[in-house]
Amino acid sequence: MATSAARTTALCAMVQAVGGGLGWSVLPPLMPRIAKELAISHAMGGLVWGAASLGIALASIAGGAAVDRFGPRRVAGIALLAGAVACAARAAAVGPWSLAAAMLVFGAHIGFCAPAIPKALAAHVPLAKLGRANGIALLGYTLGTAATVVLAPMVLAPLVGGWRPTMLVAAGAMVLAAIVWMALARDGRQVGAHATLGDVLRLAKNASLVRVAAMHFLLFGGYLAMLGLLPRALVEGGMPPARVGLAIAAWLTAAGAANYAGPWLSDRIGRRRPILLAGGAVAGLSLAAMAVAPAAATVPLLVLAALGGGCVAPLLFAMPAEIEGVGPARLGAALGLLTLVGQVGGFLLPSLAGAATQGAGLAGAIGAMAVVHLLLLAPALGLRETRTAAAAPSGALAT
């Protein structure tokens, strides 16, 4: 059991690092070059970046149901190959709309991959350690993104001859990840039958799941907005490109550390709500301070905000397995709903941030994101604790 849990966790971290950290996140650090070549404004840049989230939202319900029906191994493997094709298609973009279309299709593959990862972990990892396992998987995404924002513009693009060949390299890496996943991943134990469409619709009435989904809407949408706006806005604000990459890498590395530390502490104390509340408050207040602070404070405040948000993110993926009326048997369907709501935020909030940057500058956009993160406290305050034994769902996996 321990061996299968470790192998599955490592494979999930790999998929996150390659498909998300490289395949998805390679766009923002190259956007200054792409925007210049394709004549993309700040507002249109937010739309291009948000198009991936729209694709995820459109595919997530089908993705969650497919994971419950066919298992995470097959679904994620096929989806990674489809995502590689969409990633490669960006190299043929001739303007903002064709690039947005490629991002839309790329996002659709994530709508199938995203529910597969927590479902695979829940099939192999004891419930008492599920928060940490999701944190490690998300750490793969965060560190992959941190490496990408530094290496893509400074090393990879110059090495292969520009941003278009870089997209082809990322697509090739996704193909390799799909091969490794299909060869080594196992679906593991399954609890009960797969969810029907009626089950999926009924989950939308679960009050606790709705609150978790609302937090995911704000947190994930806010993260994507920040990742999309920071590289270009900081460069255009006068920060040297090398320092921009390092600043964003520091932000993401701090989030990666919190991706593990937050769930570890939550599992240790047996509570979710205190971590959610503290993380949301730290993230929101740090961004509020950044909006008005001098430029010298940008990196420290970014790091502090990342520590807060990074503690919260993995718990949102672990909690559906602990909610009464959901549990492991309907986890794929629940994660499909969670992904749908989160990706609507991932489409709307980057578009909002792009418009705010164009109208009010970086400070205005950061201020808007501060409000978004502080709003996390509203659903967290009303959320029932899920980690206690009394609140564990019937049929939960043995610990």
Side-chain angles (χ1 to χ4, degrees), residues 60-61 63-65 67-68 72 114-135 137-138 189-220 262-263 265-277 279-280 311-345 376-399:
S60 58
I61 295 297
V67 168
D68 280 341
I117 290 173
K119 180 78 170 184
L121 291 172
H124 292 273
V125 178
L127 194 62
K129 298 179 180 179
L130 191 56
R132 278 167 281 183
N134 276 280
L138 193 58
R189 61 182 179 238
Q190 302 297 320
V191 183
H194 69 274
T196 65
L197 179 59
D199 292 329
V200 174
L201 296 177
R202 281 189 288 273
L203 286 177
K205 300 178 182 179
N206 186 301
S208 294
L209 186 61
V210 168
R211 290 182 181 277
V212 171
M215 295 185 71
H216 191 54
F217 173 94
L218 295 165
L219 185 68
F220 190 70
L265 179 61
S266 178
D267 285 347
R268 183 87 174 185
I269 66 176
R271 296 290 185 273
R272 303 301 193 204
R273 289 179 73 248
I275 307 299
L276 300 178
L277 291 168
C311 287
V312 174
L315 297 181
L316 301 181
F317 289 106
M319 289 172 66
E322 304 164 354
I323 292 174
E324 184 69 38
V326 181
R330 294 180 174 86
L331 184 57
L335 290 166
L337 284 173
L338 191 68
T339 302
L340 169 63
V341 175
Q343 299 307 325
V344 171
L376 287 167
L377 302 180
L381 284 169
L383 186 66
R384 290 180 57 190
E385 181 60 69
T386 64
R387 193 61 189 90
T388 61
S394 57
L397 299 181
T399 59

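Worth saying up front: this structure is predicted, and the values here are computed from it rather than measured.
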### Task
Please report the closest heavy-atom contact between A114 and P118, naming both atoms and the distance.
O-CD, 2.9 Å
### Summary
Between R272 and S266, the two heavy atoms sitting closest are NH1-OG, 2.8 Å
### Message
According to side chain to side chain contact (heavy atoms under 4.5 Å, CB included), who are the partners of A213, at least two apart in sequence or on a separate chain?
### Response
L338, V341
### Task
Working to the nearest 0.5 Å, report the span between CD1 of I275 and CZ of R271.
11.5 Å
### Query
Do any N or O atoms from the side chain of R384 and from the backbone of S208 form a donor-acceptor pair under 3.5 angstrom?
no
### Distance, nearest 0.5 Å, that separates CZ of F317 from CD1 of I117
8.5 Å
### Query
What residue among L376, L377, L383 forms side-chain contact (heavy atoms from CB on, under 4.5 Å) with L277?
L377
### Shortest non-hydrogen contact from P263 toward L315
CA-CD2, 3.8 Å
### Task
Please confirm whether the backbone N or O of L381 pairs with a side-chain atom of R273, one donor and one acceptor, at under 3.5 Å?
yes
### Query
Quick one: side chain to side chain contact (heavy atoms under 4.5 Å, CB included) partners of L316, sequence neighbours excluded?
V212, M215, H216, L219, L276, V312
